[in-house]
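To start, the structure itself, in structure tokens.
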There are 2 protein chains.
Amino acid sequence: MCAKLVLFMLHDDPLPSRLSSDVYNVLRRQIVTGELRPNQPLIELDLAERLQVSRTPVRESLQRLAHAGLVVPRKRGWAVREFTPDEIRQNAELRMALEGYAASLAATRGSPSDIAAIVAIHERRLKLRRSDEEMRVKTNRDFHDAIMRASGNGRLTDAIYHSGQFYFNTPIARATTGEELALGNADHALIVAAILKRDGAAAERAMRAHIQRTFAVFWRVTGLAEPLQVQPR
Amino acid sequence: MCAKLVLFMLHDDPLPSRLSSDVYNVLRRQIVTGELRPNQPLIELDLAERLQVSRTPVRESLQRLAHAGLVVPRKRGWAVREFTPDEIRQNAELRMALEGYAASLAATRGSPSDIAAIVAIHERRLKLRRSDEEMRVKTNRDFHDAIMRASGNGRLTDAIYHSGQFYFNTPIARATTGEELALGNADHALIVAAILKRDGAAAERAMRAHIQRTFAVFWRVTGLAEPLQVQPR
DNA sequence: GCACACAAGTTTGCATACAAACTCGGTTTC
DNA sequence: GAAACCGAGTTTGTATGCAAACTTGTGTGC
């Protein structure tokens, strides 16, 4: 059930059918969901046997995981990366930069149909019952996806996806994710309003504020400073 | 000489001494500098022989290059990625988001010594002779580096580095890089002024405008729409 | 003269082989 | 009893082996 929450932004990375890609996607899921614990050493032969492949595809996927920042090199071999609270803060800021900009692009140049899609998802979400957690997770993801799509920038979208896998495998991140789902609608409404007004600056501010509030639990628990204050009008 | 220009943001990616890392760094340089041409197929055995290693480290570094977006999969094997004008535009926008945010963080929470370093680099750059191209390249890079460092966000810094390797191996990118160096000082002065005033919003606007102007040649030549207008105060 | 087929040669994707580097338990020495 | 040393057992980093998939060029049929 936690795994379900946690996967709300995880997309697979497809290559023309290659074993190493399958291994990559499986390991990534297992790291992000915490099935493979932080700091756990990754033994090539273990993984290979568990996944019924030889060491070669495992090693290749470890290279990709390392580049993605999910796995860190030891003197010998690799281990699941453990994120410090400060790294999680940094990643939240990164998301503020990326998703904020995506929102402003969506507002200033999203096509009418892009924007209609955003509104439709938002309205569908308003009608959900509080108990329907699965649907709340899905529509939250859809909402953010629709904004990225409306930004007309695939590079930006990719960067957002990447930043999304970064702060999952910690207990605090789970609380955060829960909070995001709870307070979502009010924040989303502000974002939608700004986009409908075609006000890029307002959309960017609203999205940054949304992400910042999403992490409110986190700042409180860790006692870390909050990221950059959202600029007042 | 073009290679020198083009390398202004390229840092190596060190792992505890492993052959595949060396191969990765070499190939990355060769792709970014255009020594390996876009769309050129990468034959494992060729590369292995040229670099005097076996196919294994070559294959592993290709996985990393693929994740970095510098190499694309073919049905079989890999080729150097060719960037379309639109992808280059997208990457420019990504840089506006990332470096703009870094500038605002530098302004609002950079330490006095961080900011002193930025000012010092800027002033050193003002004194350069027009002919001293190599020094202009270096100080430009130093300037952007100093701002990233002052942002206090290594994740953001990494993302900026990554975005920096994206649009090199095109002729247009070279012209762009040239222009950036020519008009740099005026733009840099605006950024420095905003940072000294501790005005995050102004620093962010100035940095975005700087990157946007850097690509002016590019928008003109390709006839593509410019990215998001910088928001007026 | 054109197209299709077939075979030789590449080149890959995956598996495995092997030596070097590290780990860790036990034993010896002080 | 603690520390240092040794060696068996892992586990890695790199090289190589092998069959399947693709490419290419030639020859054959129409």
Checklist entry - When you measure from the side chain of A:Asn91 to the backbone N and O of A:Glu87, does any donor-acceptor pair fall under 3.5 Å? => result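 No, the answer is negative, given that no donor and acceptor are paired below the 3.5 Å cut-off.
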Show each protein N/O and nucleotides 22-25 of chain C N/O combination with a separation under 3.5 Å, one pair to a line.
none

Rounding to a whole Å, what distance do you find between [X]:[atom1] and [N]:[atom2]?
X       : N      : atom1 : atom2 : result
A:Gln63 : D:dT14 : CD    : P     : 10 Å
A:Leu19 : C:dT16 : CG    : P     : 13 Å
A:Glu44 : C:dA17 : CD    : C1'   : 15 Å
A:Arg18 : C:dT12 : CZ    : C1'   : 9 Å
A:Glu60 : C:dC14 : CD    : P     : 7 Å

Please name all residues satisfying side-chain contact (heavy atoms from CB on, under 4.5 Å) with [X], sequence neighbours left out, ordered by chain then number.
X        : answer
A:Ala117 : none
B:Ser113 : B:Ser111
A:Ala97  : B:Tyr101

Checklist entry - Where do A:Tyr24 and B:His67 land on the side-chain contact (heavy atoms from CB on, under 4.5 Å) test, with the steps shown first? => result CA-CA 11 Å; A:Tyr24 172 75; B:His67 197 272; 3.3 Å; yes
Checklist entry - With a non-hydrogen cut-off below 4.0 angstrom, is B:Leu42 in contact with a base, only sugar-phosphate, or nothing? => result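 Here B:Leu42 touches the backbone only, sparing every base.
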Any protein N or O atoms within reach of nucleotides 5-9 of chain C? Criterion: under 3.5 Å, listing atom names and distances.
none

Item to check | Flag side-chain contact, heavy atom, 4.5 Å: A:Gln63 against A:Ser20 | outcome: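 No, too far: nothing below the 4.5 Å cut-off.
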Item to check | Global bending angle along the helix from C:dG1-D:dC30 to C:dC30-D:dG1, which compares the axes of five pairs at either end, to 10 degrees | outcome: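 What I find for the helix from C:dG1-D:dC30 to C:dC30-D:dG1 is an axis angle of 0°.
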[X]: partners by side-chain hydrogen bond (donor to acceptor under 3.5 Å, both in side chains), with sequence neighbours left out:
X        : value
B:Ser61  : none
A:Arg149 : none
B:Asp22  : none

Checklist entry - Is the closest basic N to carboxylate O distance between A:Glu93 and A:Arg89 below 4.0 Å? => result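 Yes, this pair counts.
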Next on the checklist: Listing request: all salt bridge (charged side-chain N to carboxylate O under 4.0 Å, His left out) pairs with a residue in residues 39-57 of chain B, at least two apart in sequence or in separate chains.
Outcome noted: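 For residues 39-57 of chain B, and leaving out neighbouring residues, the salt bridge (charged side-chain N to carboxylate O under 4.0 Å, His left out) pairs sorted by first residue read B:Glu44-B:Arg55, B:Glu44-B:Arg59.
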Checklist entry - Phosphate oxygens OP1/OP2 of D:dT12: is one of them under 4.0 Å from a side-chain N or O of A:Arg59? => result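 No, outside the criterion.
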Item to check | Residues in contact with DNA chain C, drawn from residues 45-58 of chain A - heavy-atom cutoff 4.0 Å | outcome: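 By residue number: A:Val53, A:Ser54, A:Arg55, A:Thr56, A:Pro57.
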Next on the checklist: Once salt bridge (Lys or Arg N to Asp or Glu O under 4.0 Å) is applied, do any residues pair with B:Asp114, and if so which ones, sequence neighbours excluded?
Outcome noted: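 Residues passing salt bridge (Lys or Arg N to Asp or Glu O under 4.0 Å) with B:Asp114: none at all.
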Checklist entry - Which value, rounded to the nearest 0.5 Å, describes the distance between A:Met96 atom CE and A:Glu204 atom CD? => result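 Interatomic distance, A:Met96 CE to A:Glu204 CD, rounded to 0.5 Å: 10.0 Å.
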